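Step one of this worksheet: look at the structure below.
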Amino acid sequence: MSGNIIRTENLTKKYNGRIAVDQINLHVPKGKIYALLGRNGAGKTTAMKMLLNLVRPSDGKIFLFDEEISGYGKRNSFRIGSIIEAPAFYENLTAGENLEILARLRGRHRKDTVDRALGAVHLDKEHKKLFREYSLGMKQRLGLAAAIMHEPELLILDEPMNGLDPIGICETRNYLLQLCREKGTTIFISSHVLDEISQLADVIGIINKGKLLEETDLQELYRRRRRYAEFEVSDVNKAALVLENRFGILDYEVTGPNSLRLYEKIDSRGDINSSFVKEGIAVAKINVEKGKLEDYFTGLVGGDRDV
Ligand code: ATP
């Protein structure tokens, strides 16, 4: 046993010759939450569909539960719960009736299976409403209820927070954390919103234009953020000249009318401070901080939107 519930080797998908997923090597550890993070069109859904045998890979291998698959049969489908794109339900049936049908199809259910699943996603009070009367957020919750109902070992969730309000996002996050920590469920989740998963994931895979750029422990990413010293000064232009001419510092940025951030020679901040004062630049504050996780991601995938 490798310890990875999902593993892929050079997994690739081309649609009409255009690459959507490009030789990715995923390692999703057992009992952890793994978030696949990427902008719209990065290849997240396609990767998940290949794992779920909804799309045939163009190349590469998939191992689920340590076994190579070329399409999974009933045995694995009991072990996996998923949300992929908009979950499909009968419009004219209630949430409870929809889940009841699914539970029967899956064949393994106890009397309280449906009620427990609805309760877990806080839909128990809405179970009499028809599916077509549900809001987008309620539909997403019902999708999650359907995915977790048979208590699978592995959850594959494609953007499960889409359409949820902030409370819904928080509840879903707490529920997934609880499933993972208490039941040991392995969760493979995709998102294009860093904030959604930065308080949830143990491991993050960053995908961009079909390529897996990084696969790292979230804690390690937090450690890697860039350190900087921020000076609050009376004259930023004069201060910038001192940084460049006296200290040879070029890796800095002006972050406000009275503030600038330097990313190099942070440990010389005492000397820099003295030089500023000598040049008649008043220094109100010096803070040493670490950059935001967002900056790390945008540095990797480029641009400033989405993640
Ligand atoms: P989003 O967050 O917008 O859902 P994603 O990261 O899930 O994006 P995919 O849906 O996997 O990305 O799409 C990856 C690329 O593959 C995109 O360029 C998309 O246009 C293309 N693609 C996806 N499905 C198909 C398809 N059935 N036929 C042709 N191209 C497709």
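Whatever order the structure lists them in is the order used to number ligands and atoms, beginning at 1. From a predicted model like this one, the values you see are computed outputs, not experimental measurements.
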Q: Salt-bridge test for Arg7 and Glu9: reply yes if a basic N is under 4.0 Å from a carboxylate O, no otherwise.
A: yes
Q: With sequence neighbours excluded, tell me which residues meet side-chain contact (heavy atoms from CB on, under 4.5 Å) with Lys285.
A: Glu232, Asn287
Q | Contact residues of ligand 1 (heavy atom under 4.0 Å), by chain and number | A | Tyr15, Ala20, Arg39, Asn40, Gly41, Ala42, Gly43, Lys44, Thr45, Thr46, Glu159
Q. Is there a donor-acceptor pair under 3.5 Å between the side chain of Asn98 and the backbone N or O of Thr94?
A. yes
Q) Is the shortest side-chain N to carboxylate O distance from Lys183 to Glu153 below 4.0 Å? A) no
Q | Residues forming a side chain to side chain donor-acceptor pair (under 3.5 Å) with Glu91, sequence neighbours excluded | A | none
Q) Looking at residues at least two apart in the chain, or sitting in another chain, which of them share a side-chain contact (heavy atoms from CB on, under 4.5 Å) with Ala117? A) Leu99, Ala145, Ile148, Met149
